[in-house]
Amino acid sequence: GDSSMMDYVLNRRKLPGEMSEVDAVEIEEGVGTLSSSFRANFLPVGSPLMNAGDRFLGEMRGHSLSDPAFSPSFDSFKQLANKDQSFAWMFKHSSDKRARDLRRKFLRGSKILIFQAGYSGKRFIYERLKELGVHVTIMDGPTSYARAMAEEGVIEEFIEIDFTEWETIVQRALNLIVSLDTKFDGVMTFYEDGVSVAARIAYGLGLPTNHPDVCDRARNKSVTRKFMSNLDLPVPKFRIITKGTDMKEAGGHVGFPAILKPTFGAASLGVHRVETQEEFESIYKSIIAGITMDNNLIWLQGNDMILEEFYDGPEFDIDILLSDKEVVYAKISDNWEVWEPWYQETGMNCPSLYPEERQKELIDFGVRSALALGFEMGAFHVEVKYTSRGPRLIEVNARMGGMSVRDANLEVWGVDIVEEAALCALGIPIRPAINPSPACFFSQTAVNAPYSGTMKNVDWLAPARANPLVIKAKPLKMAGDKVKGPEDDCPHWIAEIVVKSQKSVEETLEAVRDIIKEELEVPIDAAVPGTERAFFFPDQYYPFLRD
(Lines give C-alpha, C1' and ligand atoms only; values in the text may rest on other atoms or scores of the structure.)
Protein backbone atom coordinates (compact mmCIF):
# COMPACT_ATOMS: atom_id res chain seq x y z
CA GLY A 1 0.00 0.00 0.00
CA ASP A 2 0.93 3.69 -0.20
CA SER A 3 1.92 3.86 3.47
CA SER A 4 4.70 1.26 3.12
CA MET A 5 5.91 2.90 -0.07
CA MET A 6 6.22 6.25 1.72
CA ASP A 7 8.25 4.55 4.41
CA TYR A 8 10.59 3.36 1.65
CA VAL A 9 11.05 6.88 0.34
CA LEU A 10 12.14 7.99 3.79
CA ASN A 11 14.31 4.95 4.47
CA ARG A 12 14.85 2.86 1.36
CA ARG A 13 16.32 -0.09 3.22
CA LYS A 14 12.99 -0.90 4.86
CA LEU A 15 10.86 -1.52 1.77
CA PRO A 16 8.71 -4.67 2.25
CA GLY A 17 9.06 -6.23 -1.20
CA GLU A 18 9.70 -4.46 -4.48
CA MET A 19 7.86 -2.04 -6.77
CA SER A 20 6.34 -3.42 -9.92
CA GLU A 21 7.84 -2.39 -13.25
CA VAL A 22 4.63 -0.48 -14.01
CA ASP A 23 4.94 1.49 -10.75
CA ALA A 24 8.59 2.31 -11.46
CA VAL A 25 7.83 3.57 -14.97
CA GLU A 26 4.86 5.64 -13.80
CA ILE A 27 6.93 7.30 -11.08
CA GLU A 28 9.80 8.03 -13.44
CA GLU A 29 7.43 9.56 -16.01
CA GLY A 30 5.44 11.43 -13.35
CA VAL A 31 2.11 9.75 -14.12
CA GLY A 32 -0.18 7.38 -12.30
CA THR A 33 -1.56 7.09 -8.78
CA LEU A 34 1.69 6.04 -7.10
CA SER A 35 3.61 8.91 -8.72
CA SER A 36 1.03 11.39 -7.43
CA SER A 37 1.30 9.80 -3.99
CA PHE A 38 5.08 10.23 -3.98
CA ARG A 39 4.80 13.90 -4.90
CA ALA A 40 2.13 14.43 -2.23
CA ASN A 41 4.25 12.86 0.51
CA PHE A 42 7.86 13.63 -0.38
CA LEU A 43 9.49 17.05 -0.09
CA PRO A 44 12.23 17.61 -2.72
CA VAL A 45 14.78 19.13 -0.36
CA GLY A 46 17.03 20.49 -3.07
CA SER A 47 14.30 22.83 -4.25
CA PRO A 48 14.34 26.47 -3.07
CA LEU A 49 11.99 27.26 -0.21
CA MET A 50 10.49 30.59 0.81
CA ASN A 51 13.33 32.93 1.70
CA ALA A 52 13.64 33.86 5.38
CA GLY A 53 13.44 37.51 4.26
CA ASP A 54 10.15 36.97 2.40
CA ARG A 55 7.51 39.54 3.26
CA PHE A 56 4.92 36.92 4.25
CA LEU A 57 7.33 35.22 6.65
CA GLY A 58 8.49 38.56 8.07
CA GLU A 59 4.95 39.79 8.70
CA MET A 60 3.95 36.47 10.26
CA ARG A 61 6.99 36.57 12.54
CA GLY A 62 6.42 40.21 13.49
CA HIS A 63 2.82 39.51 14.45
CA SER A 64 3.79 36.39 16.42
CA LEU A 65 6.50 38.23 18.38
CA SER A 66 4.27 41.21 19.17
CA ASP A 67 1.43 38.98 20.36
CA PRO A 68 2.97 35.71 21.56
CA ALA A 69 0.58 32.89 22.38
CA PHE A 70 1.61 29.80 24.33
CA SER A 71 -0.31 26.88 25.75
CA PRO A 72 -1.59 27.67 29.26
CA SER A 73 0.71 25.15 30.96
CA PHE A 74 3.79 26.49 29.20
CA ASP A 75 2.85 30.14 29.67
CA SER A 76 3.55 29.80 33.41
CA PHE A 77 7.16 28.85 32.62
CA LYS A 78 7.63 31.93 30.45
CA GLN A 79 6.23 34.22 33.13
CA LEU A 80 8.30 32.66 35.92
CA ALA A 81 11.51 32.70 33.86
CA ASN A 82 11.02 36.41 33.12
CA LYS A 83 10.29 37.37 36.72
CA ASP A 84 12.60 35.22 38.84
CA GLN A 85 16.30 35.69 38.06
CA SER A 86 17.44 32.91 40.42
CA PHE A 87 15.08 30.56 38.62
CA ALA A 88 16.49 31.63 35.24
CA TRP A 89 20.07 31.23 36.52
CA MET A 90 19.39 27.69 37.73
CA PHE A 91 17.92 26.68 34.39
CA LYS A 92 20.92 28.03 32.54
CA HIS A 93 23.67 26.69 34.79
CA SER A 94 22.46 23.72 36.83
CA SER A 95 22.29 20.04 35.90
CA ASP A 96 21.30 18.73 39.34
CA LYS A 97 18.14 16.72 40.02
CA ARG A 98 16.09 19.74 41.09
CA ALA A 99 16.87 21.58 37.86
CA ARG A 100 16.13 18.46 35.78
CA ASP A 101 12.82 17.89 37.55
CA LEU A 102 11.82 21.52 36.98
CA ARG A 103 12.68 21.30 33.29
CA ARG A 104 10.56 18.16 33.02
CA LYS A 105 7.73 19.88 34.87
CA PHE A 106 7.54 22.56 32.20
CA LEU A 107 8.10 20.07 29.40
CA ARG A 108 5.04 18.16 30.60
CA GLY A 109 1.94 19.72 29.10
CA SER A 110 3.80 21.71 26.46
CA LYS A 111 2.61 21.55 22.84
CA ILE A 112 5.20 20.78 20.17
CA LEU A 113 4.65 20.63 16.40
CA ILE A 114 6.81 18.09 14.56
CA PHE A 115 7.24 18.70 10.83
CA GLN A 116 7.59 15.32 9.06
CA ALA A 117 7.66 12.18 11.16
CA GLY A 118 10.43 10.51 9.14
CA TYR A 119 10.40 6.74 8.63
CA SER A 120 8.49 4.42 10.97
CA GLY A 121 11.68 3.43 12.81
CA LYS A 122 11.49 6.84 14.49
CA ARG A 123 8.27 5.96 16.30
CA PHE A 124 10.20 5.47 19.57
CA ILE A 125 10.86 9.25 19.59
CA TYR A 126 7.18 10.09 19.71
CA GLU A 127 6.52 7.40 22.29
CA ARG A 128 9.23 8.94 24.48
CA LEU A 129 7.79 12.45 24.07
CA LYS A 130 4.41 11.10 25.16
CA GLU A 131 6.05 9.54 28.26
CA LEU A 132 7.45 12.98 29.06
CA GLY A 133 3.94 14.45 28.86
CA VAL A 134 4.50 16.45 25.66
CA HIS A 135 1.43 17.01 23.49
CA VAL A 136 2.80 16.24 20.04
CA THR A 137 1.20 17.24 16.75
CA ILE A 138 2.80 15.96 13.55
CA MET A 139 2.38 17.68 10.19
CA ASP A 140 3.18 15.33 7.31
CA GLY A 141 2.04 13.97 3.95
CA PRO A 142 -1.31 12.19 3.43
CA THR A 143 -0.04 8.62 3.89
CA SER A 144 2.35 9.24 6.80
CA TYR A 145 2.29 6.62 9.55
CA ALA A 146 1.77 9.58 11.90
CA ARG A 147 -1.93 9.35 11.07
CA ALA A 148 -2.05 5.90 12.67
CA MET A 149 -0.06 7.17 15.68
CA ALA A 150 -2.73 9.84 16.23
CA GLU A 151 -5.47 7.20 16.04
CA GLU A 152 -3.57 5.05 18.55
CA GLY A 153 -3.05 7.98 20.93
CA VAL A 154 0.76 8.02 20.62
CA ILE A 155 0.54 11.63 19.42
CA GLU A 156 -2.13 14.25 20.04
CA GLU A 157 -2.99 15.16 16.47
CA PHE A 158 -2.01 14.60 12.84
CA ILE A 159 -2.17 17.48 10.36
CA GLU A 160 -2.16 16.45 6.71
CA ILE A 161 -0.33 18.61 4.21
CA ASP A 162 0.20 17.89 0.52
CA PHE A 163 3.84 18.36 -0.61
CA THR A 164 3.01 18.37 -4.34
CA GLU A 165 3.25 22.17 -4.65
CA TRP A 166 6.46 22.41 -2.64
CA GLU A 167 7.00 26.06 -3.62
CA THR A 168 4.15 27.09 -1.29
CA ILE A 169 4.73 24.52 1.47
CA VAL A 170 5.91 27.05 4.08
CA GLN A 171 3.06 29.49 3.49
CA ARG A 172 0.45 26.73 3.45
CA ALA A 173 1.89 25.15 6.60
CA LEU A 174 1.81 28.44 8.50
CA ASN A 175 -1.70 29.27 7.30
CA LEU A 176 -2.85 25.83 8.45
CA ILE A 177 -1.25 26.30 11.86
CA VAL A 178 -2.69 29.75 12.57
CA SER A 179 -6.16 28.46 11.62
CA LEU A 180 -6.02 25.93 14.47
CA ASP A 181 -7.18 26.43 18.04
CA THR A 182 -3.90 24.83 19.22
CA LYS A 183 -1.13 27.23 20.26
CA PHE A 184 2.27 25.62 19.86
CA ASP A 185 5.17 26.22 22.23
CA GLY A 186 7.83 24.79 19.92
CA VAL A 187 8.46 23.43 16.43
CA MET A 188 11.05 20.78 15.57
CA THR A 189 11.87 17.73 13.45
CA PHE A 190 13.91 14.56 13.88
CA TYR A 191 14.03 13.95 10.13
CA GLU A 192 16.85 15.37 8.00
CA ASP A 193 14.71 16.45 5.06
CA GLY A 194 12.34 18.38 7.31
CA VAL A 195 14.98 20.59 8.97
CA SER A 196 14.77 23.62 6.66
CA VAL A 197 10.95 23.77 6.60
CA ALA A 198 10.66 23.24 10.37
CA ALA A 199 13.06 26.15 10.89
CA ARG A 200 10.92 28.42 8.68
CA ILE A 201 7.72 27.44 10.49
CA ALA A 202 9.29 28.13 13.90
CA TYR A 203 10.76 31.40 12.58
CA GLY A 204 7.37 32.53 11.26
CA LEU A 205 5.69 31.68 14.57
CA GLY A 206 8.36 33.55 16.54
CA LEU A 207 9.40 30.34 18.30
CA PRO A 208 12.95 29.21 19.18
CA THR A 209 14.90 27.97 16.17
CA ASN A 210 18.17 28.15 14.33
CA HIS A 211 17.90 30.68 11.52
CA PRO A 212 16.56 29.10 8.30
CA ASP A 213 19.59 30.32 6.34
CA VAL A 214 21.88 28.42 8.72
CA CYS A 215 19.87 25.21 8.30
CA ASP A 216 20.00 25.58 4.50
CA ARG A 217 23.75 26.10 4.70
CA ALA A 218 24.25 22.73 6.40
CA ARG A 219 21.76 20.79 4.24
CA ASN A 220 23.61 21.41 0.98
CA LYS A 221 27.09 19.85 1.03
CA SER A 222 28.51 22.20 -1.61
CA VAL A 223 27.26 25.30 0.25
CA THR A 224 28.73 23.92 3.49
CA ARG A 225 32.11 23.45 1.80
CA LYS A 226 32.14 26.96 0.31
CA PHE A 227 31.06 28.61 3.56
CA MET A 228 33.65 26.82 5.67
CA SER A 229 36.36 27.55 3.12
CA ASN A 230 35.58 31.28 3.41
CA LEU A 231 36.18 30.96 7.16
CA ASP A 232 39.56 29.28 6.55
CA LEU A 233 38.32 25.98 7.96
CA PRO A 234 39.72 22.90 6.17
CA VAL A 235 37.48 21.51 3.45
CA PRO A 236 38.12 18.91 0.74
CA LYS A 237 38.79 19.99 -2.82
CA PHE A 238 35.49 19.60 -4.68
CA ARG A 239 33.50 20.33 -7.81
CA ILE A 240 29.74 20.34 -8.38
CA ILE A 241 28.92 17.86 -11.14
CA THR A 242 26.01 18.52 -13.50
CA LYS A 243 25.31 17.49 -17.07
CA GLY A 244 27.22 20.53 -18.31
CA THR A 245 30.33 20.06 -16.16
CA ASP A 246 33.78 19.80 -17.72
CA MET A 247 34.53 16.34 -16.35
CA LYS A 248 38.25 16.44 -17.13
CA GLU A 249 38.67 19.77 -15.32
CA ALA A 250 36.66 18.51 -12.33
CA GLY A 251 38.72 15.32 -12.04
CA GLY A 252 41.97 17.19 -12.50
CA HIS A 253 41.08 19.71 -9.77
CA VAL A 254 39.93 17.15 -7.19
CA GLY A 255 42.34 14.32 -7.96
CA PHE A 256 41.90 10.61 -7.31
CA PRO A 257 40.82 8.63 -5.43
CA ALA A 258 37.70 10.76 -4.92
CA ILE A 259 34.17 10.50 -3.59
CA LEU A 260 31.18 11.00 -5.91
CA LYS A 261 27.91 11.62 -4.08
CA PRO A 262 24.59 13.49 -4.33
CA THR A 263 24.59 17.13 -3.26
CA PHE A 264 21.69 16.18 -0.99
CA GLY A 265 21.21 12.87 0.73
CA ALA A 266 21.63 10.87 3.89
CA ALA A 267 22.77 7.44 5.14
CA SER A 268 25.45 7.13 2.43
CA LEU A 269 22.86 6.62 -0.32
CA GLY A 270 24.27 7.24 -3.78
CA VAL A 271 27.88 7.54 -2.53
CA HIS A 272 30.68 6.00 -4.61
CA ARG A 273 34.45 5.94 -4.30
CA VAL A 274 36.09 6.42 -7.72
CA GLU A 275 39.74 5.60 -8.34
CA THR A 276 40.38 7.11 -11.79
CA GLN A 277 39.09 9.70 -14.25
CA GLU A 278 37.68 6.92 -16.40
CA GLU A 279 35.86 5.30 -13.49
CA PHE A 280 34.49 8.68 -12.37
CA GLU A 281 33.03 9.43 -15.80
CA SER A 282 31.71 5.91 -16.25
CA ILE A 283 29.96 5.76 -12.85
CA TYR A 284 28.50 9.25 -13.23
CA LYS A 285 27.08 8.39 -16.67
CA SER A 286 25.63 5.13 -15.40
CA ILE A 287 24.05 6.90 -12.40
CA ILE A 288 22.42 9.58 -14.55
CA ALA A 289 21.28 7.06 -17.16
CA GLY A 290 19.87 4.74 -14.51
CA ILE A 291 18.05 7.21 -12.26
CA THR A 292 14.65 5.72 -11.50
CA MET A 293 12.48 5.96 -8.44
CA ASP A 294 12.74 2.25 -7.66
CA ASN A 295 16.50 2.22 -7.14
CA ASN A 296 17.51 5.80 -6.34
CA LEU A 297 14.75 7.65 -4.47
CA ILE A 298 17.21 10.29 -3.30
CA TRP A 299 17.13 11.76 -6.82
CA LEU A 300 13.73 13.29 -6.08
CA GLN A 301 15.86 15.89 -4.30
CA GLY A 302 17.76 16.89 -7.46
CA ASN A 303 20.42 15.06 -9.48
CA ASP A 304 23.39 17.38 -9.01
CA MET A 305 26.37 15.54 -7.57
CA ILE A 306 29.59 16.57 -5.86
CA LEU A 307 33.04 15.15 -6.60
CA GLU A 308 35.28 15.68 -3.64
CA GLU A 309 38.71 14.75 -2.40
CA PHE A 310 38.91 11.37 -0.66
CA TYR A 311 39.77 11.55 3.02
CA ASP A 312 41.85 8.74 4.46
CA GLY A 313 41.56 7.62 8.08
CA PRO A 314 38.77 6.36 10.37
CA GLU A 315 35.37 8.04 10.67
CA PHE A 316 33.62 9.26 13.83
CA ASP A 317 30.27 10.69 14.91
CA ILE A 318 30.06 13.55 17.36
CA ASP A 319 26.72 14.12 19.07
CA ILE A 320 26.39 17.71 20.22
CA LEU A 321 23.84 19.71 22.20
CA LEU A 322 23.87 23.52 22.00
CA SER A 323 21.93 25.83 24.28
CA ASP A 324 22.03 29.56 23.58
CA LYS A 325 25.27 29.20 21.56
CA GLU A 326 26.93 27.22 24.36
CA VAL A 327 28.13 23.63 24.01
CA VAL A 328 26.52 21.70 26.87
CA TYR A 329 27.22 18.18 25.56
CA ALA A 330 29.62 16.67 23.03
CA LYS A 331 30.53 12.98 22.89
CA ILE A 332 32.26 10.91 20.23
CA SER A 333 31.59 7.43 18.83
CA ASP A 334 33.64 5.26 16.49
CA ASN A 335 32.18 4.52 13.07
CA TRP A 336 33.22 1.17 11.63
CA GLU A 337 34.72 0.91 8.18
CA VAL A 338 32.08 1.29 5.47
CA TRP A 339 31.47 -1.26 2.72
CA GLU A 340 33.04 0.28 -0.35
CA PRO A 341 32.51 1.39 -3.04
CA TRP A 342 28.96 2.27 -1.90
CA TYR A 343 30.01 3.68 1.48
CA GLN A 344 27.37 1.52 3.13
CA GLU A 345 27.47 1.84 6.92
CA THR A 346 28.28 -1.26 8.98
CA GLY A 347 28.26 -0.25 12.66
CA MET A 348 29.49 1.87 15.54
CA ASN A 349 30.67 1.71 19.13
CA CYS A 350 30.49 4.06 22.09
CA PRO A 351 32.59 5.22 23.84
CA SER A 352 35.39 5.68 21.33
CA LEU A 353 38.59 3.67 21.50
CA TYR A 354 40.61 6.34 19.70
CA PRO A 355 43.50 7.99 21.60
CA GLU A 356 42.14 10.55 24.08
CA GLU A 357 44.11 13.45 22.62
CA ARG A 358 42.78 12.80 19.13
CA GLN A 359 39.25 12.40 20.45
CA LYS A 360 39.55 15.88 21.91
CA GLU A 361 40.83 17.25 18.60
CA LEU A 362 37.90 15.70 16.76
CA ILE A 363 35.30 16.97 19.24
CA ASP A 364 36.77 20.48 19.19
CA PHE A 365 36.74 20.47 15.39
CA GLY A 366 33.16 19.16 15.19
CA VAL A 367 31.91 21.77 17.65
CA ARG A 368 33.83 24.52 15.83
CA SER A 369 32.25 23.46 12.53
CA ALA A 370 28.68 23.55 13.91
CA LEU A 371 29.21 26.96 15.51
CA ALA A 372 30.98 28.34 12.42
CA LEU A 373 27.94 27.47 10.30
CA GLY A 374 25.89 29.64 12.66
CA PHE A 375 23.99 27.14 14.79
CA GLU A 376 22.91 28.27 18.25
CA MET A 377 20.60 25.63 19.74
CA GLY A 378 19.46 22.04 19.48
CA ALA A 379 20.85 18.58 18.75
CA PHE A 380 23.50 17.91 16.09
CA HIS A 381 25.02 14.79 14.60
CA VAL A 382 28.40 15.73 13.14
CA GLU A 383 30.37 13.30 10.98
CA VAL A 384 34.16 13.71 10.87
CA LYS A 385 37.32 11.84 9.93
CA TYR A 386 40.77 11.85 11.45
CA THR A 387 42.98 12.01 8.38
CA SER A 388 46.73 12.05 7.84
CA ARG A 389 46.34 15.85 7.96
CA GLY A 390 44.19 15.95 11.09
CA PRO A 391 40.41 16.27 11.65
CA ARG A 392 38.20 16.88 8.61
CA LEU A 393 34.45 17.43 8.31
CA ILE A 394 32.11 15.16 6.37
CA GLU A 395 28.84 16.87 7.31
CA VAL A 396 26.82 18.57 10.03
CA ASN A 397 23.28 17.21 10.52
CA ALA A 398 21.03 19.65 12.39
CA ARG A 399 19.04 16.96 14.20
CA MET A 400 19.55 13.90 16.36
CA GLY A 401 21.35 11.04 14.60
CA GLY A 402 19.40 7.99 13.45
CA MET A 403 19.60 4.25 14.14
CA SER A 404 21.02 3.65 17.65
CA VAL A 405 22.48 7.12 18.29
CA ARG A 406 19.90 8.02 20.93
CA ASP A 407 20.29 4.66 22.70
CA ALA A 408 24.10 4.84 22.71
CA ASN A 409 24.19 8.30 24.29
CA LEU A 410 21.51 7.39 26.84
CA GLU A 411 23.02 4.04 27.85
CA VAL A 412 26.65 5.18 27.99
CA TRP A 413 26.48 8.83 29.07
CA GLY A 414 22.99 9.07 30.61
CA VAL A 415 21.86 11.80 28.20
CA ASP A 416 18.50 11.51 26.43
CA ILE A 417 18.90 13.51 23.23
CA VAL A 418 15.15 13.27 22.50
CA GLU A 419 14.32 15.00 25.78
CA GLU A 420 17.08 17.60 25.48
CA ALA A 421 16.16 18.46 21.88
CA ALA A 422 12.53 18.97 22.90
CA LEU A 423 13.59 21.31 25.70
CA CYS A 424 15.67 23.28 23.19
CA ALA A 425 12.69 23.60 20.87
CA LEU A 426 10.78 25.18 23.75
CA GLY A 427 13.56 27.66 24.48
CA ILE A 428 14.27 26.09 27.88
CA PRO A 429 18.01 26.24 28.65
CA ILE A 430 19.52 22.76 28.97
CA ARG A 431 22.35 21.41 31.10
CA PRO A 432 22.19 17.62 30.86
CA ALA A 433 23.63 15.57 33.72
CA ILE A 434 26.45 13.61 32.05
CA ASN A 435 27.87 10.42 33.54
CA PRO A 436 31.46 11.17 34.66
CA SER A 437 32.55 7.83 33.18
CA PRO A 438 30.79 5.38 30.83
CA ALA A 439 27.90 3.55 32.51
CA CYS A 440 28.36 0.71 30.01
CA PHE A 441 29.93 -0.11 26.65
CA PHE A 442 27.81 -0.17 23.50
CA SER A 443 28.14 -1.50 19.95
CA GLN A 444 25.64 -1.62 17.10
CA THR A 445 25.89 -3.26 13.70
CA ALA A 446 23.77 -2.96 10.59
CA VAL A 447 23.86 -6.35 8.87
CA ASN A 448 24.24 -5.98 5.09
CA ALA A 449 22.89 -8.41 2.50
CA PRO A 450 26.00 -10.18 1.11
CA TYR A 451 24.22 -11.06 -2.16
CA SER A 452 20.88 -10.47 -3.91
CA GLY A 453 17.92 -12.76 -3.47
CA THR A 454 14.83 -13.48 -1.38
CA MET A 455 14.68 -13.66 2.40
CA LYS A 456 14.03 -17.17 3.72
CA ASN A 457 11.30 -18.04 6.21
CA VAL A 458 13.66 -18.80 9.09
CA ASP A 459 14.42 -17.35 12.53
CA TRP A 460 17.98 -16.60 11.50
CA LEU A 461 18.61 -14.09 14.33
CA ALA A 462 18.01 -16.67 17.10
CA PRO A 463 21.76 -17.21 17.71
CA ALA A 464 22.19 -13.46 18.24
CA ARG A 465 19.28 -13.26 20.67
CA ALA A 466 20.79 -16.15 22.63
CA ASN A 467 23.90 -14.10 23.39
CA PRO A 468 23.53 -12.49 26.87
CA LEU A 469 25.23 -9.29 25.68
CA VAL A 470 22.69 -8.69 22.89
CA ILE A 471 19.97 -6.20 23.84
CA LYS A 472 18.45 -5.92 20.36
CA ALA A 473 18.36 -8.24 17.33
CA LYS A 474 15.82 -6.74 14.94
CA PRO A 475 15.15 -7.90 11.37
CA LEU A 476 14.79 -5.11 8.83
CA LYS A 477 13.64 -7.47 6.08
CA MET A 478 11.02 -10.21 6.37
CA ALA A 479 10.54 -13.63 4.80
CA GLY A 480 9.69 -13.25 1.13
CA ASP A 481 11.23 -9.78 0.79
CA LYS A 482 13.57 -9.19 -2.14
CA VAL A 483 16.97 -7.84 -1.10
CA LYS A 484 19.85 -6.41 -3.09
CA GLY A 485 23.46 -7.35 -2.58
CA PRO A 486 26.65 -5.67 -3.83
CA GLU A 487 26.40 -7.20 -7.30
CA ASP A 488 23.26 -5.16 -8.03
CA ASP A 489 23.34 -1.99 -5.94
CA CYS A 490 24.19 -0.53 -2.58
CA PRO A 491 23.54 -3.56 -0.32
CA HIS A 492 20.36 -3.53 1.73
CA TRP A 493 20.44 -3.67 5.49
CA ILE A 494 18.63 -6.82 6.62
CA ALA A 495 19.00 -6.56 10.41
CA GLU A 496 20.25 -4.44 13.30
CA ILE A 497 22.06 -5.96 16.28
CA VAL A 498 22.95 -4.06 19.46
CA VAL A 499 25.34 -5.32 22.14
CA LYS A 500 25.97 -3.91 25.62
CA SER A 501 28.73 -4.82 28.07
CA GLN A 502 29.62 -3.78 31.60
CA LYS A 503 33.23 -4.80 31.01
CA SER A 504 34.66 -3.07 27.91
CA VAL A 505 34.09 -1.87 24.36
CA GLU A 506 36.42 -4.64 23.25
CA GLU A 507 34.03 -7.23 24.66
CA THR A 508 31.17 -5.80 22.57
CA LEU A 509 33.33 -5.78 19.43
CA GLU A 510 34.31 -9.40 19.96
CA ALA A 511 30.68 -10.40 20.57
CA VAL A 512 29.45 -8.72 17.38
CA ARG A 513 32.29 -10.16 15.31
CA ASP A 514 31.58 -13.70 16.59
CA ILE A 515 27.85 -13.35 15.92
CA ILE A 516 28.29 -12.13 12.34
CA LYS A 517 31.26 -14.27 11.32
CA GLU A 518 30.69 -17.48 13.27
CA GLU A 519 27.08 -17.84 14.41
CA LEU A 520 24.64 -16.36 11.88
CA GLU A 521 23.76 -18.09 8.62
CA VAL A 522 22.85 -15.91 5.65
CA PRO A 523 19.02 -16.13 5.37
CA ILE A 524 18.84 -15.41 1.63
CA ASP A 525 17.96 -17.63 -1.33
CA ALA A 526 20.32 -16.31 -3.99
CA ALA A 527 18.77 -14.73 -7.07
CA VAL A 528 21.68 -16.13 -9.08
CA PRO A 529 23.09 -19.48 -7.92
CA GLY A 530 26.81 -19.27 -7.28
CA THR A 531 26.77 -15.68 -5.98
CA GLU A 532 26.44 -16.80 -2.34
CA ARG A 533 29.08 -15.45 0.05
CA ALA A 534 29.53 -14.79 3.76
CA PHE A 535 28.47 -11.59 5.50
CA PHE A 536 30.78 -8.62 5.02
CA PHE A 537 32.40 -7.55 8.28
CA PRO A 538 35.05 -4.84 8.67
CA ASP A 539 37.29 -6.53 11.26
CA GLN A 540 40.44 -5.75 9.27
CA TYR A 541 40.04 -2.06 10.10
CA TYR A 542 39.79 0.30 13.09
CA PRO A 543 38.47 -0.16 15.76
CA PHE A 544 38.90 -3.95 15.40
CA LEU A 545 42.56 -3.44 14.52
CA ARG A 546 44.37 -0.65 16.35
CA ASP A 547 47.98 0.57 16.33
Side-chain angles (χ1 to χ4, degrees), residues 43 45 49-50 52 54 56-58 60-65 67-71 73-75 77-78 106-107 109-118 122 125-126 128-130 132 134-141 144 146 149-150 155-161 163 169-216 218-219 322-324 375-380 397-400 417-428 430:
L43 187 66
V45 190
L49 296 168
M50 177 181 285
D54 186 272
F56 170 82
L57 205 53
M60 177 75 75
R61 179 174 174 79
H63 175 73
S64 299
L65 290 172
D67 185 25
F70 302 102
S71 65
S73 62
F74 192 67
D75 197 43
F77 162 75
K78 290 289 184 183
F106 291 112
L107 187 60
S110 64
K111 295 181 181 293
I112 293 181
L113 174 72
I114 307 279
F115 181 77
Q116 288 195 280
K122 292 184 182 287
I125 295 170
Y126 312 117
R128 175 57 178 156
L129 290 173
K130 184 183 180 183
L132 290 165
V134 179
H135 299 292
V136 171
T137 296
I138 294 180
M139 177 180 282
D140 208 344
S144 169
M149 287 198 293
I155 63 172
E156 191 97 345
E157 187 177 1
F158 170 69
I159 302 175
E160 178 182 319
I161 190 164
F163 294 156
I169 189 76
V170 175
Q171 187 167 352
R172 287 187 291 116
L174 283 165
N175 285 335
L176 258 175
I177 292 163
V178 297
S179 71
L180 303 173
D181 292 332
T182 303
K183 304 301 180 187
F184 294 109
D185 306 311
V187 178
M188 64 189 306
T189 188
F190 290 88
Y191 178 53
E192 181 69 18
D193 292 354
V195 167
S196 288
V197 177
R200 283 165 169 79
I201 294 171
Y203 186 79
L205 295 176
L207 295 172
T209 183
N210 291 296
H211 195 280
D213 291 349
V214 174
C215 295
D216 294 350
R219 272 299 284 134
L322 297 180
S323 183
D324 194 21
F375 288 110
E376 299 182 357
M377 53 164 279
F380 301 87
N397 300 291
R399 43 83 189 169
M400 182 181 77
I417 298 179
V418 171
E419 178 178 349
E420 302 299 333
L423 288 165
C424 284
L426 296 171
I428 298 176
I430 59 170

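Just so you know, these numbers use all the heavy atoms, side chains as well, and skip hydrogens, waters and symmetry mates.
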**Message:** Applying side-chain contact (heavy atoms from CB on, under 4.5 Å), can you list everything that pairs with A202, at least two apart in sequence or on another chain?
**Reply:** V187, L207, T209
**Complete:** Scanning both residues in full, the closest heavy-atom pair of G204 with S64 reads O-OG, 3.1 Å
**Item:** Any side-chain heavy-atom pair of D185 and I112 under 4.5 Å
**Value:** no
**Item:** Exercise: identify the closest heavy-atom pair between A422 and L129
**Value:** CB-CD2, 3.8 Å
**Message:** Rounded to the nearest 0.5 Å, what separates atom CD1 in I417 from atom CE in M400?
**Reply:** 6.5 Å
**Item:** Side-chain touch E156/V136, heavy atoms, less than 4.5 angstrom
**Value:** no
**Item:** Close side-chain approach of F106 to L426, heavy-atom, < 4.5 Å
**Value:** no
**Request:** Using a 4.5 Å cut-off on heavy atoms from C-beta on, say whether the side chain of E419 contacts that of R128.
**Result:** yes
**Request:** Would you indicate whether the side-chain heavy atoms of T182 and H135 approach each other to under 4.5 Å?
**Result:** no
**Message:** Could you check whether any side-chain heavy atom of R219 comes within less than 4.5 Å of a side-chain heavy atom of E192, counting everything from C-beta outward?
**Reply:** yes
**CE-CZ distance between M139 and F158, expressed to the nearest 0.5 angstrom** = 9.5 Å
**Side-chain heavy atoms of F163 within contact of D140, under 4.5 Å** = yes
**Item:** Gap separating the CG atom of D216 from the CZ atom of R200, nearest 0.5 angstrom
**Value:** 4.0 Å
**Message:** What verdict does the side chain to side chain contact (heavy atoms under 4.5 Å, CB included) test give for N397 and V195, after you've listed the backbone C-alpha separation in whole Å, the side-chain angles of each residue and the deciding distance to 0.1 Å?
**Reply:** CA-CA 9 Å; N397 300 291; V195 167; over 6 Å; no
**Message:** Give me the atom names and distance for the closest heavy-atom approach of K122 to F190.
**Reply:** NZ-O, 3.1 Å
**Under 3.5 Å donor-acceptor, R399 side chain and Y191 backbone** = no
**Prompt:** Do the side chain of T137 and the main chain of K111 share a donor and acceptor less than 3.5 angstrom apart?
**Reply:** no
**Spacing of L423 atom CG and S110 atom OG [to the nearest 0.5 Å]** = 8.0 Å
**Item:** side-chain contact (heavy atoms from CB on, under 4.5 Å) partner of E376, the single match among N210, V214, D324, L322
**Value:** N210
**Message:** So which atom in I430 and which in C424 form the shortest heavy-atom distance, rounded to 0.1 Å?
**Reply:** CD1-SG, 3.4 Å
**For S196 against L49, the heavy-atom pair lying closest together** = CB-CD1, 3.8 Å
**Prompt:** Residues in side-chain contact (heavy atoms from CB on, under 4.5 Å) with M149, at least two apart?
**Reply:** R123, Y126, I138, Y145, A146, V154, I155
**Fill in**
Smallest heavy-atom separation, M50 atom then D54 atom, equals CG-CB, 3.5 Å
**Item:** Between CD on residue Q171 and CG on residue L176, distance to nearest 0.5 Å
**Value:** 11.5 Å
**Request:** Hey, could you give me the CG/CZ distance between N175 and F56, rounded to the nearest 0.5 Å?
**Result:** 4.5 Å
